[in-house]
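To keep things clear, I will list the structure first and then write my remarks on it.
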Amino acid sequence: MSSASIEHINDLAAFVAASPSSFHAVAEAARRLDAEGFTARTEADAWESLPGGHYVIRDGALIAWVQPEGAGATTGFHVLGSHTDSPSFKLKPKPTTGAHGWLQAGVEVYGGPLLNSWLDRELLLAGRLVLRDGTEVLARTAPMLRFPQLAIHLDRAVNEALTLDKQQHMNPVWGIGDPGQADVLAVLAASAGVDAADVGGYDVVVADAQPGTVFGGSDEFFACGRLDNLSSMHASLAGLIEHAARGTGEHIAVLAAFDHEEIGSASRSGASGPFLADVLERIGHGLGASGEDRNRAYADSFCLSADAGHSVHPNYPGRHDPANRPMLGAGPLLKINANQRYATDGVGAALFARLCAEAEVPYQEFVSNNQMPCGSTIGPLTATRLGIRTVDVGIALLSMHSARELCGVEDPLRLAKISTAFFAA
């Protein structure tokens with residue numbers, strides 16, 4: 001592996017470690033943008049139209065942009081979209097539960113996790129606490145939870161069929177004692193330095209505590225939690241920071257990292273919500289754009305929807321298209337679907353081919369087996385809401401939606417290089 005790839009993958013591991021929840025992911029992105037001189041914007045304030053880097057946060061989503069010198073009312077946007085959330089478990093109200101001498105946490109399944117992958121591993125709690133006075137604080141515990149699997153001695157057929165009841169079996173243990181005398185929320189609040197009595201609400205998820213690891217016969221693999229889709233968010237962030245440092249490009253470069261993609265994106269911070277449209281309209285308004293100008297700008301705009309895709313699985317080759325079989329480490333994916341579950345069309349495919357050639361990286365095409373239902377992304381949502389031409393891309397994974405996913409070491413850096421080329425195009 002190249003030294004640049006190893007440096008990038010180590011930085012991705014650090015980014016994921018700092019981002020156990022969507023709220024932590026945008027806070028880490030903001031920290032990195034601050035260090036590069038970007039200006040934080042608040043939605044309630046008026047925005048000046050100034051060249052340079054800017055960003056705004058809405059809950060667990062972040063939009064950042066670089067406005068070039070000379071941008072005008074009809075200047076188009078190059079938007080690179082990703083998402084901050086991953087399949088997991090979310091802390092319920094009255095979260096302290098338990099029985100038979102065990103302390104457990106009441107959690108609700110979030111999205112579509114591979115349930116068995118969460119068994120028998122050390123987990124933590126992380127997310128946003130909202131105090132009764134409206135103050136928001138980030139909280140994350142040390143490793144403290146585990147979904148313990150039943151021993152094979154008590155279920156001799158477990159290797160033939162494992163059935164997990166989401167309500168009965170997916171309640172992690174976090175201690176021993178009387179649930180009436182314990183409070184998991186107090187442990188969480190203490191990690192943030194606040195009193196549990198002051199917490200009025202929370203948005204807290206379970207996350208894998210194990211750091212990302214490079215491994216393989218030639219160190220070609222990288223295993224980590226939340227690669228779907230922090231691999232794309234990290235690549236777009238690296239690309240935007242590099243683009244800002246170069247100071248090139250005629251379009252307004254936009255990073256859009258949405259929340260709630262794993263549960264349909266229908267929220268105020270999701271891709272089906274108004275966040276991106278709000279920000280683009282405010283940027284245009286600052287440049288004096290009329291409604292006509294905004295339509296012209298959108299006609300000169302493009303969106304790269306970056307989300308992880310599937311590598312061919314060596315043990316289940318029949319689940320993949322027989323002619324298109326992407327591999328880990330062979331380049332990012334161009335994702336195609338005839339039924340517009342991905343928004344890629346011929347124009348978008350040609351643009352992506354040009355970007356990859358400019359960035360000097362290989363790419364692969366992905367299409368589903370006709371017998372397999374195809375997932376979707378924020379790409380079709382963005383294209384539908386704004387009318388901006390969109391192409392779906394991402395890196396290849398094995399074990400997607402596992403607590404710990406797998407990619408090739410070279411591919412995240414390649415996606416970052418494509419991001420830089422896209423922002424400058």
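Everything numeric here is computed off the predicted structure, so don't read it as measured data. Residue numbers count from 1 along this sequence.
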* Residues which pass side chain to side chain contact (heavy atoms under 4.5 Å, CB included) with Arg268, listed by chain and number, not counting sequence neighbours -> Arg58, Asp59

* Take Phe258 and Phe275 through the ring-ring contact (aromatic ring centres under 6.0 Å, His included) test and state the conclusion after the steps. => CA-CA 9 Å; Phe258 299 103; Phe275 190 25; 7.1 Å; no

* Got Leu119 and Pro148 here, is their nearest side-chain heavy-atom distance under 4.5 Å? -> no

* Report yes if some heavy atom in the side chain of Tyr363 is under 4.5 Å from a heavy atom in the side chain of Leu355; otherwise report no. => no

* At their closest point, which heavy atom of Ser88 faces which heavy atom of Pro113, and how far apart are they? -> O-CG, 3.8 Å

* To do: Keeping the roles fixed (side chain from Trp65, backbone from Ala253), state whether a donor-acceptor pair exists under 3.5 Å.
  => no

* Counting only heavy atoms not in Glu43, do more than 12 sit closer than 6.0 Å to its CD atom? -> yes

* Any donor-acceptor pair under 3.5 Å linking the side chain of Asn369 with the backbone of Pro322? -> no

* **Side-chain (Thr96) to main-chain (Lys94) donor-acceptor, under 3.5 angstrom** => no

* Going by the ring pair (Phe, Tyr, Trp, His ring centres under 6.0 Å) test, which pairs reach into residues 124-170, not counting sequence neighbours? -> Phe89-Phe147

* **Close side-chain approach of Ile283 to Ile252, heavy-atom, < 4.5 Å** => yes

* Pairs in or reaching into residues 6-40: which pass ring pair (Phe, Tyr, Trp, His ring centres under 6.0 Å), with residues at least two apart or in two chains? -> His8-His234, Phe15-His234

* Donor-acceptor pair, side chain of Lys335 and main chain of Asp307, under 3.5 angstrom -> yes

* Asked: Backbone N or O of Ser19 within a donor-acceptor pair of the Arg226 side chain at under 3.5 Å?
  -> yes

* Asked: Any ion pair linking Asp411 and Arg414 (charged N to carboxylate O, less than 4.0 Å)?
  -> yes

* What heavy-atom pair brings Ser272 and Gly264 nearest, and what distance separates the two atoms? -> OG-O, 4.0 Å

* Among side-chain atoms of Arg325 and His320, is any donor-acceptor pair under 3.5 angstrom? -> no

* Structure fact -> Rounding to 0.5 Å, atoms CE (Met170) and CD (Glu108) come to a distance of 13.5 Å

* Asked: Is there any salt bridge (charged side-chain N to carboxylate O under 4.0 Å, His left out) pair reaching into residues 376-400, and which pairs are they, with sequence neighbours excluded?
  -> Asp345-Arg389

* Ser269 (side chain) donor-acceptor with Gly60 (main chain) under 3.5 angstrom -> no

Using residues 396-403 as the side-chain source, report each donor-acceptor pair under 3.5 Å to any protein atom, sequence neighbours left out, with the distance given to one decimal.
from	atom 1	to	atom 2	distance (Å)
His401	ND1	Gly112	O	2.9
His401	NE2	Asp228	OD2	3.2
His401	NE2	Glu262	OE1	3.3
Ser402	OG	Ser117	OG	3.4
Ser402	OG	Arg404	N	3.1
Ser402	OG	Arg404	O	3.2

* SB check Arg128 Glu136 (cutoff 4.0 Å) -> yes

* Asked: Which distance, rounded to the nearest 0.5 Å, do you find between the OG1 of Thr39 and the CZ of Arg41?
  -> 5.5 Å

* Would you please classify the geometry between the Tyr110 ring and the His260 ring as parallel, tilted or perpendicular, with 30° and 60° separating the classes? => tilted

* May I ask you to decide if Gly270's main-chain N or O and Asp259's side chain share a donor-acceptor pair within less than 3.5 Å? => no

* **Backbone of Arg341 reached by a side-chain donor or acceptor of Asn339 within 3.5 Å** => no

* Asked: For Leu227, does its backbone N or O pair with a side-chain atom of Glu405 as donor and acceptor, under 3.5 Å?
  -> yes

* **Over 12 foreign heavy atoms within 6.0 Å of CH2, Trp102** => no

* Excluding sequence neighbours, so at least two apart, what forms side chain to side chain donor-acceptor pair (under 3.5 Å) with Asp321? -> Asn324

* To do: Can you measure from CG (Leu304) to CZ (Phe423) and round to the nearest 0.5 angstrom?
  => 8.5 Å

* To do: Grab the two heavy atoms, one from Gly348 and one from Phe302, that are nearest each other, plus how far apart they are.
  => CA-CZ, 3.7 Å

* Asked: Does a donor on one side chain sit under 3.5 Å from an acceptor on the other, for Ser5 and Glu410?
  -> yes

* Asked: Is Arg246 salt-bridged to Glu242, cutoff N-O under 4.0 Å?
  -> yes

* To do: Report yes if some heavy atom in the side chain of Val409 is under 4.5 Å from a heavy atom in the side chain of Asp219; otherwise report no.
  => no

* **Inter-residue atom distance Ile336.CD1 - Leu334.CG, 0.5 Å rounding** => 4.5 Å

* To do: Please determine, by modelled atom types, if Asp85 and Ser22 share a side-chain donor-acceptor pair under 3.5 angstrom.
  => no

* Once you round to the nearest 0.5 Å, how far does CD1 of Ile378 lie from CD of Glu261? -> 7.5 Å

* Run the salt-bridge test on Arg354 and Glu358 with the 4.0 Å N-O cut-off and return the result as yes or no. => no

